[in-house]
Amino acid sequence: MRYWLMKSEPDDTSIDDLAAEPERLFEWTGVRNYQARNFMRDGMQVGDRLLFWHSSCPEPGVAGLAEIAAAAHPDSSQFDPESPYYDPKSASDAPRWLAVDVRFLRKTRLLSPAELRQHPPLAEMTVLKRGNRLSITPLSEDEWRYITEQLLAC
């Protein structure tokens, strides 16, 4: 099993959206960065766990936990001319962009970047590094365990 951090703007898809339909698979569309796409294609497997991060909002941070529910497949939004993620250069027989499906596990208290930075075991988290803008980043098993067992323990 691997661990990931995936960012979503709450106005687009929030942890509350996933919580409202816990059995639904949500297609993670709109990734338009090759490195993040490659994480989905080459690294993610069904059952992998993820931190669901609210981004581009007044209070960013970890808002919940989810899991990868379906492996990488063509991102449907790249073919939809009405979508903000439409890519006219992508062809159905050779898609440029991929998506995975995610499923809700649980909502958590918000863990802000400022709070995460206070914990030395998390100092190397990609999301906390200056200049990082990737919407998908890997987490180490130690980072995952520290966050879920120390910071989010119920």
Side-chain angles (χ1 to χ4, degrees), residues 1-78 83-85 95 97-154:
M1 180 180 304
R2 295 193 64 189
Y3 304 96
W4 306 93
L5 183 144
M6 296 175 74
K7 295 179 182 177
S8 180
E9 296 178 13
D11 289 345
D12 186 30
T13 303
S14 73
I15 194 67
D16 291 329
D17 295 328
L18 272 67
E21 299 182 74
E23 298 305 313
R24 178 178 165 202
L25 303 186
F26 284 78
E27 183 182 20
W28 202 273
T29 61
V31 173
R32 296 299 181 264
N33 173 283
Y34 288 106
Q35 185 176 6
R37 180 208 59 191
N38 294 348
F39 285 145
M40 288 189 289
R41 183 190 67 200
D42 302 332
M44 290 183 174
Q45 297 181 18
V46 172
D48 285 358
R49 304 289 190 213
L50 64 101
L51 298 177
F52 193 106
W53 181 280
H54 282 174
S55 67
S56 300
C57 60
E59 296 183 68
V62 175
L65 307 178
E67 68 179 343
I68 304 301
H73 55 82
D75 178 339
S76 63
S77 68
Q78 69 192 309
S83 170
Y85 304 113
W97 305 110
L98 300 174
V100 294
D101 294 348
V102 301
R103 179 185 297 122
F104 177 78
L105 289 177
R106 76 179 171 101
K107 192 172 173 177
T108 65
R109 70 181 182 85
L110 185 73
L111 291 174
S112 70
E115 180 179 354
L116 294 172
R117 284 187 179 96
Q118 293 174 2
H119 297 272
L122 304 177
E124 295 303 311
M125 279 183 70
T126 305
V127 74
L128 300 178
K129 294 182 180 177
R130 286 205 183 284
N132 174 64
R133 305 227 358 114
L134 286 176
S135 61
I136 298 172
T137 55
L139 295 172
S140 71
E141 185 174 353
D142 288 341
E143 291 165 342
W144 173 265
R145 285 182 193 250
Y146 187 85
I147 290 168
T148 59
E149 295 175 7
Q150 301 295 318
L151 302 182
L152 297 175
C154 294

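Any value given below was found using the heavy atoms of this structure, including those in side chains, with hydrogens, waters and symmetry copies removed.
Of the inter-residue distances, the one linking Trp144 atom CH2 with Leu152 atom CG reads 8.5 Å to the nearest 0.5 angstrom. Taking CG of Leu50 as the start and CZ of Arg2 as the end, the distance is 13.0 Å to the nearest 0.5 Å. Separation of atoms OG1 (Thr148) and CG (Leu111) is listed at 10.5 Å; rounding is to 0.5 Å. With rounding to the nearest 0.5 angstrom, the CD1 atom of Ile147 is 11.0 Å from the CG atom of Asp142. The OG1 atom of Thr137 sits 4.5 Å away from the CG atom of Leu5 when rounded to the nearest 0.5 Å. Residue Trp53 holds its CH2 atom at 14.5 Å from CD1 of Ile136, rounded to the nearest 0.5 Å.
Between the side chain of Arg109 and the backbone N or O of Leu151 there is at least one donor-acceptor pair closer than 3.5 Å. Under the 3.5 Å distance criterion, the side-chain polar atoms of Glu27 are matched with a main-chain donor or acceptor of Ser76. With hydrogens and angles ignored, the 3.5 Å screen pairs a side-chain donor or acceptor of Ser8 with a backbone N or O of Thr13. Under a 3.5 Å cut-off, the side chain of Arg117 and the backbone N or O of Leu128 do form a donor-acceptor pair. Counting only distance, with no hydrogens or angles, the side chain of His54 and the backbone of Ile15 share a donor-acceptor pair below 3.5 Å.
Between Phe52 and Trp4, the distance from one ring center to the other does not fall under 6.0 angstrom.
Between Phe39 and Val31 there is no side-chain heavy-atom pair separated by less than 4.5 Å. A heavy-atom distance below 4.5 Å is not found between the side chains of Glu143 and Tyr146. When side chains are defined from C-beta on, Phe104 does not count as touching Asp17, because their heavy atoms never get closer than 4.5 Å.
Closest heavy-atom contact between Ile68 and Val102: CD1-CG1, 4.1 Å. The two atoms that bring Leu98 and Ala72 nearest to each other are CD1-CB, 4.2 Å, heavy atoms only. Looking at every heavy atom in both residues, Thr126 comes nearest to Pro138 through OG1-O, 4.4 Å. Minimum interatomic distance between Glu67 and Arg49 (heavy atoms only, all atoms of both residues): OE1-NH1, 2.7 Å. The minimum heavy-atom distance between Trp97 and Asn33, with the atom names listed, is CZ3-N, 3.7 Å. Nearest approach of Pro120 to Gln118, heavy atoms of both residues: CD-O, 3.4 Å.
Annotation: Glu124, atom CD; neighbour count of heavy atoms from other residues, nucleotides and ligands within 6.0 Å does not exceed 12. Around CD of Glu149, the count of heavy atoms belonging to other residues, nucleotides or ligands within 6.0 Å exceeds 12.
A salt bridge links Asp75 with Arg32; the closest basic N to acidic carboxylate O contact falls under 4.0 Å.
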